[in-house]
Peer 1: 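The following block contains the structure, expressed as structure tokens.
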Amino acid sequence: MAKNYHSDNKSFVIYKDWEEYVDALGSDEEAGKLFKALFAFSKRAEEAEFVGALKMAFIIMRNSIERDGEKWENTCSVRSEAGKKGGRPSKTNDFSENQIKANGFFEKQTKAKKADKETDKDTDTEKEINTPPTPSKGEAAPKKQASKPKIEKTQFAEFVSMTNDEYASLVAKVGEQGAKRCIEILDNYKGSSGKTYKSDYRAILNWVISRYEEERNRGGNFNGNGGDKNVDTTDNEHSKYATEF
């Protein structure tokens, strides 16, 4: 005989496999008696006096109701203790104190791992922002191009300019008077033709010196460098020497 058990639970579970025990009864009247007896046991712990198949069905169902009631009361007790301590246990079939502590431990671990992942993600983002791109295998790293200092040029005539080093080099080639005459020849040509050069110094080396040497050989008068004639340079003659480079 079962113990005098009474649960405060307001309900009990009817399992699907009980159907075969009910079908084994002799009539619907016996099935009604069986369920009335189950309600009496669940609410008031009253034992029914049955015999035969009806008794067997009652015992099986009564034991299930009894086990479910004990489990429910244990759950209520654990929740009550947790409420007194200010916490709520995790949902589980076994509400023992050790398992509640274990669940709390794993929950803390999960939160800690999540925080670590978020920190790693932030760190990776900072690395992507601050770290310059690494060249792929076989690709040379980009070289820093040093900016070339801009060399200032001196205006030696209205249309002729060059650096002081270039002028000194020109003087070394043709002398100071020759350098002035070369500048004059180029200035006249650029002023009359509108021609421009990337480097006036290179233009003088390319054709103006040849024109200047021709003047000297012909004995022309060019700014006190000797000669009996003042030789003017025509556009055709300029074009003969003003070769593009």
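Keep in mind that this is a model prediction, so the values were computed, not measured. The first residue of the sequence shown is numbered 1, and numbering continues consecutively from there.
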Peer 1: Rounded to the nearest 0.5 Å, how far does CZ of Phe41 lie from CZ of Phe12?
Peer 2: 10.5 Å

Peer 1: Report the C-alpha separation of Leu34 and Trp18 in whole Å, then their side-chain angles, then the decisive distance to 0.1 Å, and conclude whether the side chain to side chain contact (heavy atoms under 4.5 Å, CB included) test is met.
Peer 2: CA-CA 11 Å; Leu34 172 62; Trp18 287 3; over 6 Å; no

Peer 1: Does a side-chain heavy-atom distance below 4.5 Å link Leu25 with Lys33?
Peer 2: no

Peer 1: Check this for me: does any side-chain nitrogen of one of Asp200 and Lys190 sit under 4.0 Å from a carboxylate oxygen of the other?
Peer 2: yes

Peer 1: How far apart are the closest heavy atoms of Ala53 and Ala24, and which atoms are they?
Peer 2: CB-O, 4.3 Å

Peer 1: To the nearest 0.5 angstrom, please state how far the CG atom of Asn188 sits from the OG atom of Ser193.
Peer 2: 10.5 Å

Peer 1: Which heavy atom in Val171 sits nearest to a heavy atom in Ala179, and how many Å separate them?
Peer 2: CG2-CB, 3.9 Å

Peer 1: Which is it for Tyr189 and Lys195 under the side chain to side chain contact (heavy atoms under 4.5 Å, CB included) test, yes or no, and what are the steps along the way?
Peer 2: CA-CA 8 Å; Tyr189 174 70; Lys195 179 72 175 179; 3.9 Å; yes

Peer 1: Taking the side chain as C-beta and beyond, is there a heavy-atom pair between Trp207 and Leu186 under 4.5 Å?
Peer 2: yes

Peer 1: With a cut-off of 6.0 Å (strictly less than), are more than 12 heavy atoms of other residues, nucleotides or ligands near CG of Asp28?
Peer 2: no

Peer 1: Tell me, with the steps shown, if Ile204 and Tyr212 meet side chain to side chain contact (heavy atoms under 4.5 Å, CB included).
Peer 2: CA-CA 10 Å; Ile204 291 173; Tyr212 164 69; over 6 Å; no

Peer 1: For the NZ atom of Lys71 and the CZ atom of Arg67, what is their distance to the nearest 0.5 Å?
Peer 2: 9.0 Å

Peer 1: Between Glu184 and Arg181, does any side-chain N to carboxylate O distance fall below 4.0 Å?
Peer 2: yes

Peer 1: Start with the C-alpha gap between Tyr15 and Met61, add the side-chain angles, then the distance that decides, and say whether side chain to side chain contact (heavy atoms under 4.5 Å, CB included) holds.
Peer 2: CA-CA 9 Å; Tyr15 295 95; Met61 297 178 187; over 6 Å; no

Peer 1: CD of Glu81 to SG of Cys76: how many Å apart, nearest 0.5 Å?
Peer 2: 12.5 Å

Peer 1: Please tell me whether Tyr197 and Leu205 are part of a single hydrophobic cluster in this structure, the criterion being side-chain heavy atoms less than 4.5 Å apart.
Peer 2: yes

Peer 1: If every non-hydrogen atom of Ala31 is compared with every non-hydrogen atom of Val22, which pair is closest and at what distance?
Peer 2: CB-CG1, 3.8 Å

Peer 1: CD1/Ile65 to NZ/Lys43 distance, rounded to the nearest 0.5 angstrom?
Peer 2: 12.5 Å

Peer 1: Hey, what do you get for CZ (Phe50) to CE (Met56), rounding to the nearest 0.5 Å?
Peer 2: 14.0 Å

Peer 1: Side chains of residues 154-170: which donor-acceptor pairs under 3.5 Å do they make with residues two or more places apart or in other chains?
Peer 2:
| from | atom 1 | to | atom 2 | distance (Å) |
| --- | --- | --- | --- | --- |
| Thr154 | OG1 | Asn164 | OD1 | 3.1 |
| Gln155 | NE2 | Ala157 | O | 3.1 |
| Gln155 | NE2 | Glu158 | O | 3.2 |
| Thr163 | OG1 | Glu166 | N | 3.1 |
| Glu166 | OE1 | Thr163 | N | 3.1 |
| Ser169 | OG | Tyr201 | OH | 2.8 |

